[in-house]
Amino acid sequence: MLGNYDVVVVGGGHAGCEAAAAAARLGSEVLLVTMNMGAIAQMSCNPAMGGIAKGQIVREIDALGGFSGIVTDHTMVQFRMLNRSKGPAMWSPRAQSDRNLFSLKWRAILESIPNLHFWQDTVKEVLVEKGRICGVRTGYGIDIQCKTVIITSGTFLNGQIHIGPKSFSGGRLGEASSQGLTGNLKEFGMKSARLKTGTPVRVDGRSIDFSVMTEQKGDEHPGRFSFLETPRLKRQLSCYLTYTNERTHDILREGFEDSPMFTGRIQGSGPRYCPSIEDKIDRFATRERHQLFIEPEGWNSIEYYVNGFSSSLAEDVQFRALKEVPGFKNARIIKPGYAIEYDFFPPQQLHFSLESKLVENLFLAGQVNGTTGYEEAAGQGLMAGINAHLKLNEKEPFVLKRHEAYIGVLIDDLVTKGTNEPYRMFTSRAEFRILLRQDNADSRLSPHGFALGLVGRERMDRLELKEKIIQEIIGFIEKTNARPDEINEYLVSVDTAPIERNTRMGNLLLRPQVSLEGMIAHLTSLKQEVNHFSGEPVFEESKESAEILVKYAGYLEKEKENAEKISRLEDITLKEDLDYMGLKALSHEAREKLLEVKPRSIGQAARISGITPADISILLVQLGR
């Protein structure tokens, strides 16, 4: 056998990188097995991180001591805070990244961790003795001894690429798929299924006419993902917006007869919220156009990503249809779009720690659990890496609850409800999204990261300073009055009623039209109080959080109360070996689903699809509650 490792991580994608880094930094001896050392943390699809709810996940990874946010900050070419016109629960950071730099930065970070090692190969089998992991067997026929395995194989397990009438094996275009591991895991009783995802054409930017498109610049004052002092963007690349048309759609329809999706050659379910262009045309036949976002691949790359034009149609159909889109008349295609079908393991087979219920010390993370997106994968990878290390050291698993983090919502949804299509995170999936804002991920999670050993003193010092500034700003505006003669001009300018007498600044800030920045500009005492902290590195972040906490205090308090009520159900535990089939008062469907998931609490049981309030009452009676 080769070596003797605490943890072997299978796959060097976003989940694998976070898993390997976390376990190694916590003290485990880790081996990362990847098919291609040159493709670590490859952005297989669009060159971007974050977005609606996904940006919150990246902030949470960073707050816990992961690296996705740091890597993004070092390699981004554009930053935008999405949904600024909505409430702060919806604000979501998103960055365009330099695809090549992103991969190189991740590799440099991994190679800087002393007890993290590498092996370029595939894993064909996990080796098990008495129901517990003891090693892996690679494609080269080498056995590697280890105590824990984390599978983060992405779309590579029996991956099959589809382009029009052509199908061939591959994990992504130009790379081989991984064979053997699915069958190996099924031998231990694990169930597998198939999913499908896709990607669009890449175009030579020198052949695009951007003058007929709508330019989308980054934010005037770009933010960042990490709560540390990572670099700020000095210049940015623009994205562009254009639309398909009826001529585009007509040409695409010509390819439907050879489409692997419409002819049934693709059996796996595709992502509901990111459908292919042919799927959009078929499902929304009355729509005259669909928007496309044209995204740069990097500072020194001519390649552009056509977001919204994912397709598995034949190459010539893709090319002819794209040329009908404004700006693409003379387009030169670098590579075609394609669909990829791959194996995944329905996640009800996992504990909340992401450990398999069937094989001890086997963890799974990322698309192999049925998710889509770099951010969802990275969040799972981080948690799997942490929990693999904790399991080896006989410590309780680290599990985030739904009211603590989007990562908690993600894993709870997967383990409790499963998925039959690629799972994508949205703010609407989180019932406590006002608590789970992007601005407070450090307050929510960095203390956990510090207790685990992934977050250092520097980060905690920054958090303590930030919270001190927040409380001082809030304390000042809640006890200090604004005079009519100094604030009314501003109030009128933002179309809200002037005041007739001295009024608490905090009450004024509750008005939707009023901003903290606007008040600072017109109230000398507030300006002096706030500018006292202007030299601090967390000054801007502190002001933003202080304003949110004042404006939404009532909503936040109500949501905290609701979270506490639901948490009481989470505290009512259910034994894993509870005889559900013996509870004849339950419906047959309820017994089957409870037996499959084996919920750890009444709260989790209540979230299982098909479980009714009457079923929960029966369980409470069974528990003597």
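Under a 4.0 Å N-O distance rule, the pair Arg59/Glu375 does not qualify as a salt bridge. Ion pair Arg94/Glu295 flagged as a salt bridge, since at least one NZ, NE, NH1 or NH2 atom sits closer than 4.0 Å to an Asp/Glu carboxylate oxygen. Salt bridge Glu229/Arg224: present, at least one basic N to carboxylate O contact under 4.0 Å. For Glu559 and Arg433, the salt-bridge test fails: no basic side-chain N is under 4.0 Å from an acidic carboxylate O.
Checking Arg202 against Thr199 by side-chain atom types alone, a donor-acceptor pair falls below 3.5 Å. Side-chain contact of Gln216 with Ser238: a donor-acceptor pair under 3.5 Å is absent, judged by distance alone. Residues Ser226 and Asp62 bring a donor and an acceptor atom of their side chains to less than 3.5 Å of each other. Judged purely by distance below 3.5 Å, without hydrogens or angles, the side chains of Gln120 and Thr34 never pair a donor atom with an acceptor atom. Between the side chains of Ser211 and Asp209, at least one donor-acceptor pair of N or O atoms lies under 3.5 Å. Asn387 and Ser353 share no donor-acceptor pair across their side chains, judged by distance under 3.5 Å alone. For the residue pair Asn369 and Gln380, a side-chain donor N or O sits within less than 3.5 Å of a side-chain acceptor on the partner.
Ring orientation note: the planes of Tyr5 and His117 are tilted relative to one another, at an angle of 30° to 60°.
Of all heavy-atom pairs between Ser311 and Ile277, the closest is CB-CG2, 3.9 Å.
Cation-pi geometry between Arg232 and Phe79 is not met: the NZ or CZ atom fails to fall both under 6.0 Å from the ring centre and inside 45° of the normal. Figure legend: cation-pi geometry between Arg437 and Trp91 absent, as NZ or CZ is not positioned both under 6.0 Å from the six-membered ring centre and within 45° of its axis.
For Phe309, there are no ring pair (Phe, Tyr, Trp, His ring centres under 6.0 Å) partners two or more places apart in sequence or in a different chain. For Arg429, the side-chain contact (heavy atoms from CB on, under 4.5 Å) partners are Tyr273, Val409, Asp413, Tyr423, Met425, Phe426, not counting sequence neighbours.
Remark: aromatic rings of His14 and Phe102 are close, center separation under 6.0 Å.
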Would Asp412 and Phe352 count as a side-chain contact (heavy atoms from CB on, under 4.5 Å) if you check the C-alpha gap in whole Å, the side-chain angles of each, and the deciding distance to 0.1 Å?
CA-CA 7 Å; Asp412 185 83; Phe352 282 99; 3.3 Å; yes
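For Arg235, the CZ atom counts as loosely surrounded, since its 6.0 Å shell holds 12 or fewer non-hydrogen atoms of other residues, nucleotides or ligands.
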